[in-house]
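Here's the structure we're looking at; comments come further down.
The figures here come from the full heavy-atom set of this structure, side chains too, leaving out hydrogens, waters and symmetry mates.
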Amino acid sequence: MKIKEVKQFLGYKKAKELEEKVCEVCKDFPSYEKNHIVDQLVRSAESVKKSIVIAEQHFIREKFNQYSIAIGSCKEVSTWLEISLGQQYISQEKFEELNKLSLSVVGILTKTLANISANEGKGMDLPSPYTPDSRNFGIYKDSLLLVEKIYKMTRRREFWEDKVLVFGLRDMAGSVAANVSESNQLYIPRKFKFLNNALEAMSALESQLQTSLSKQIIAVETFSEMEEIAGSIKRRIKRILKNLSDQK
């Protein structure tokens with residue numbers, strides 16, 4: 001298979017543009033998000049370009065593998081952008097611009113892999129290059145709702161003296177949503193990995209909620225509301241994992 005000059009590949013150009021624009025917009029985020037949303041958003045945008053570069057140095061199977069990583073990273077970028085929009089760190093216009101750019105990279109990579117499957121990779125046992133839109137799933141919408149509620153809750157006066165707990169809760173809620181989104185990749189083992197990461201983040205979040213309750217920072221009613229949403233998300237993740245296991 002002929003290796004492209006990666007800098008001439010449209011997918012690379014779009015990924016590079018996405019990385020540059022994400023880094024630029026993050027300059028306007030609150031300073032307290034530098035080690036949280038900003039780091040995650042920049043890291044995921046960098047991963048898209050990096051994976052495309054690696055993909056152009058390998059054979060067909062490795063191209064599929066690296067493009068799968070790039071696609072997953074694009075989906076993670078979109079999630080952190082949605083969280084940023086929800087917290088009013090970016091405007092609706094900027095969100096739509098960057099999210100459209102991220103989705104365009106996914107489209108280019110998907111089309112490229114579909115062409116490879118139909119030509120050079122014909123007859124090889126390759127995964128389908130088509131991945132679902134995370135936004136169509138209730139579990140993803142609920143994970144974003146959980147992020148919104150956690151941010152709103154941790155802005156209360158009761159949390160002002162416990163910043164470690166504040167950012168722990170926010171980080172874990174964001175991690176649940178990001179991993180749920182990033183699990184929409186090409187390979188089942190990687191889907192498992194990110195869904196399990198989401199479950200681990202949820203367990204940590206539930207532990208932090210229990211700590212907040214024990215410290216009397218939140219009321220029983222608030223704790224129960226968060227637990228109900230978290231429990232619903234966990235049950236659906238486990239169902240997805242079971243379905244994936246049955247497909248093996």
### Query
Is Lys215 salt-bridged to Glu158, going by a charged N under 4.0 Å from an acidic O?
no

### Task
Looking only at non-hydrogen atoms, find the nearest pair between Leu41 and Cys26 and report the distance.
CD2-SG, 3.7 Å

### Task
Grab the two heavy atoms, one from Ser73 and one from Ser44, that are nearest each other, plus how far apart they are.
CB-O, 3.5 Å

### Task
Over 60° means perpendicular and under 30° means parallel, so classify the ring planes of Tyr89 and Phe29, tilted if in between.
tilted

### Query
Relative to the ring of Tyr67, is the ring of Phe9 parallel (under 30°), tilted (30 to 60°) or perpendicular (over 60°)?
parallel

Between [X] and [Y], is there shared hydrophobic-cluster membership here, with clusters defined by ILVMFWY side-chain heavy atoms closer than 4.5 Å?
X	Y	result
Ile71	Val53	yes
Ile54	Ile116	no
Phe194	Val106	no
Leu199	Ile229	yes

Looking at [atom1] of [X] and [atom2] of [Y], how far apart are the two atoms once the value is rounded to the nearest 0.5 Å?
X	Y	atom1	atom2	value
Met226	Ser212	CE	OG	9.5 Å
Gln87	Glu33	CD	CD	7.5 Å
Leu126	Leu113	CG	CG	8.5 Å
Thr79	Glu76	OG1	CD	7.0 Å
Glu228	Leu146	CD	CG	12.0 Å

Look only at the side chain of [X] and the backbone of [Y], and say whether a donor-acceptor pair between them is shorter than 3.5 Å.
X	Y	value
Ser181	Lys75	yes
Thr154	Ile150	yes
Lys191	Gln185	yes

### Arg236 and Ser232: CA distance, side-chain angles, deciding distance, side-chain hydrogen bond (donor to acceptor under 3.5 Å, both in side chains) verdict
CA-CA 6 Å; Arg236 279 179 284 178; Ser232 174; 3.0 Å; yes

#### Entry: Side chains of Thr131 and Asn184, donor plus acceptor under 3.5 Å
no

### Task
Validate the cation-pi geometry between Arg61 and Phe59: distance from NZ or CZ to the six-membered ring centre under 6.0 Å, angle to the ring axis within 45°.
no

